[in-house]
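Below: the structure, in structure tokens.
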Amino acid sequence: MSESRRFSASVAIVGGGPVGLGLAVTLGKAGVSCVLVESQPEPSAIPRGQNLSARSLEHFHYWGCASELRAARLLPPGFPIGGITAYQSLAGEYWYAPAGRETVADFYYQRNERLPQYLTESVLRNRVSELAPVTTLFGWSAASVRQDDDGVRVTAVQDTGAGRCEIAADYLVGCDGAHSLVREQAGIASGGADFDQRMVLAVFRSRELHERLERFPLRTTYRVLHPELKGYWWFFGRVDPAQTWFFHAPVRKDATAASLDAHALIERAAGFGVACDFQHVGFWDLRIDIADRYRHGRVFVAGDAAHSHPPYGAHGLNTGLEDAVNLGWKLAAVLHGWGGPGLLDSYTSERRPVFAGTGEAIIEGIAQDRAFLERYSPQRDRGEFELAWGGRTSGEVAPPSYEPHYEGSPIVWGPAGSVCGVRGHHSFGARAGHHLAPVVLSSGANIFERLAGGFTLIALGGDQGPAAAFQAAAADLGMPLQVIADTLDGQRVAYGQRLILVRPDQYVAWAGNDAPADAAAVLRRAIGAAASHHARAGTSPTGDDS
Ligand SMILES: Cc1cc2nc3c(=O)[nH]c(=O)nc-3n(C[C@H](O)[C@H](O)[C@H](O)COP(=O)(O)OP(=O)(O)OC[C@H]3O[C@@H](n4cnc5c(N)ncnc54)[C@H](O)[C@@H]3O)c2cc1C
């Protein structure tokens, strides 16, 4: 007879891939009880999302497992993370090594990293096991979810058939991937662009491929553009330094593991014969999908459950981890009693435009590559092709123009009329709605070592009066606020502001050179407690939106 159990927690999380695990760590560290249900007893052995951005590494820093993550990688420290783009095949005459995320490295406190997704998940599984507020049910699948005015209920079954349980919680977050049961049962619609394009994903070993690629500077990924591919890519990625690879490529709609000659396809993309020992051949359909909203009542979706797109640009996992951090601090704030009524809705307002912008940029990149390959050909006109090829840098969504920000958020004091999105530029200037850049304090510590789980007011330049007003207002609102006071000197001058209010996710909520007339109004908006959190333009407490 199967055993039936009951759990009760503040938050139920369905799906313990990287995003569900990241959310569980965020909540667990904030002291919020949660139960996480994950079907897979162990992480799946397919490498998938390997490129973790510098911003994602900041999350691992605050989750307390950045060094464990770096220790888990398969590539040696210092292995150059970046790509080669080649024309027609990896043996082709035309190629370049585009600048990658290293161009914006100084704007983040951590360096980026690359490791198979299953190792990232193992590090996160270890981390959640250390957090008392988190209960994990690995090898359990959510079968149904429902909500009413008082809370949510999740029914889950153990995959061995031995157990059944019910989880009662205040909130539910679906981190259950692209085919999300939570999204569907909560009635959250999802749609996007279907490219009607089937893709193969192969994982294989080949030392020979590694040796043949020694003609290029050492890199982790190799993208081939070919006129026949209509802007899609043949794509090789390293899993380890010398022999394991993954490869993805467009294939016919009816391709199956039995009908597709993956080896022949790899040799075509490589441009030379190469021995391959296959470990996995699978398929997926290229789509860009986004949930109409990320919240319905007490139910939220995050990561691939909220949005999915082809891995062009390596944004999926990184975007999902930012979802987890954004939603995590807001849920904790509401559950701890200081988050205002508008705070949870701001999760959709901030995160959905970021994904929408990422998806648009990916579609644009595919279209640009297609147009380039139709327009230019070395066979038709070598001189014209070489001129145009030389002018390319990348068809990817790459820095420095990719800068997710929340300028238009209802809980941020951004410029009037601004919107949230991904197009921007990195800067050391402290700007409302943007990621805070790391600078060194006069103590020698980096400011990121001093930011804590709550809000922080950075007060530069001596006058502590404004900081005291913020602290008094925070105390009235019952919200955590620490003050970091320092001189307006050294790297800190680059912030360009004397007073900077930083959120728990290291984004700037407000910045100004002068004390606001009403510090409480600044804070109320930042925690979603402004009387009308939708009214933004022209409502600066200083009279001029800073
Ligand atoms: C070839 C490839 C390369 C990629 N490269 C990159 C990259 O370099 N960088 C990047 O950022 N992204 C990359 N991605 C995307 C990345 O893999 C995904 O965005 C990421 O896995 C999303 O994480 P997630 O936790 O939201 O979803 P998932 O990883 O899909 O996890 C969802 C989890 O939910 C569980 N689940 C589902 N239903 C239930 C249920 N009913 N009950 C319990 N558990 C359930 C599943 O078992 C799964 O573990 C790549 C993807 C592919 C395919």
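Atoms within a ligand are numbered from 1 in the order they appear, just like the ligands themselves. Residue indices begin at 1 and follow the sequence shown.
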Exercise. For ligand 1, which atoms, with element, lie under 4.0 Å from some heavy atom of G316?
Worked result: 10 (C), 11 (O), 12 (N), 19 (O)

Exercise. So among D505, V25, V325, L451, which one has a side chain to side chain contact (heavy atoms under 4.5 Å, CB included) with Y62?
Worked result: L451

Exercise. Judging by distance only, is a nitrogen or oxygen of Q117 under 3.5 angstrom from one on ligand 1?
Worked result: yes

Problem set entry | Of the listed options V145, I13, D176, V19, closest to atom 38 (N) of ligand 1 (non-hydrogen atoms) | D176

For this session: Say whether C175 and ligand 1 are in contact under the criterion: heavy-atom distance to a ligand atom below 4.0 Å.
Result: yes

For this session: Could you list which atoms of ligand 1 come closer than 4.0 Å to a heavy atom of P18?
Result: 23 (O), 25 (O), 29 (O)

Exercise. Just going by heavy-atom distances, which of G177, G17, S180 is nearest to atom 27 (O) of ligand 1?
Worked result: G177

Exercise. For atom 48 (C) of ligand 1, which protein heavy atom lies nearest, and how many Å away is it?
Worked result: E38 OE1, 3.5 Å

For this session: Considering heavy atoms of the protein only, find what lies nearest to atom 13 (C) of ligand 1 and give residue, atom and distance to 0.1 Å.
Result: G49 CA, 3.3 Å

Problem set entry | E267: salt bridge (charged side-chain N to carboxylate O under 4.0 Å, His left out) partners, not counting sequence neighbours | none

For this session: Answer yes or no: is there a side-chain heavy-atom contact under 4.5 Å between R212 and V274?
Result: no

For this session: Return the residue, atom name and 0.1 Å-rounded distance of the protein heavy atom closest to atom 39 (C) of ligand 1.
Result: S39 OG, 3.6 Å

Exercise. Mind checking whether Y109 and H61 have ring centres under 6.0 Å apart?
Worked result: yes

Problem set entry | Centroid-centroid distance, H309 to F355, less than 6.0 Å | yes

For this session: For atom 41 (N) of ligand 1, state which one of A156, A142, S53 supplies the nearest heavy atom.
Result: A142

For this session: Walk me through it: do H263 and F204 pass the test ring-ring contact (aromatic ring centres under 6.0 Å, His included)?
Result: CA-CA 10 Å; H263 191 188; F204 63 97; 8.4 Å; no

Exercise. Among all residues two or more places apart in sequence or in another chain, which pass the side-chain contact (heavy atoms from CB on, under 4.5 Å) test with S33?
Worked result: A9, S10

Exercise. Testing N126, V123, T120, V128 for side chain to side chain contact (heavy atoms under 4.5 Å, CB included) with C65, which one passes?
Worked result: V123

Problem set entry | Residue, atom name and distance, where the atom is the protein heavy atom closest to atom 19 (O) of ligand 1 | D304 OD1, 2.8 Å

Exercise. Quick check: does any side chain N or O of R125 sit under 3.5 Å from a backbone N or O of R127, one acting as donor and the other as acceptor?
Worked result: no

Problem set entry | Identity and distance of the protein heavy atom lying nearest atom 1 (C) of ligand 1 | L201 CD1, 3.7 Å

For this session: Enumerate the atoms of ligand 1 whose separation from the nearest heavy atom of P311 is less than 4.0 angstrom.
Result: 2 (C), 3 (C), 4 (C), 5 (N), 50 (C)

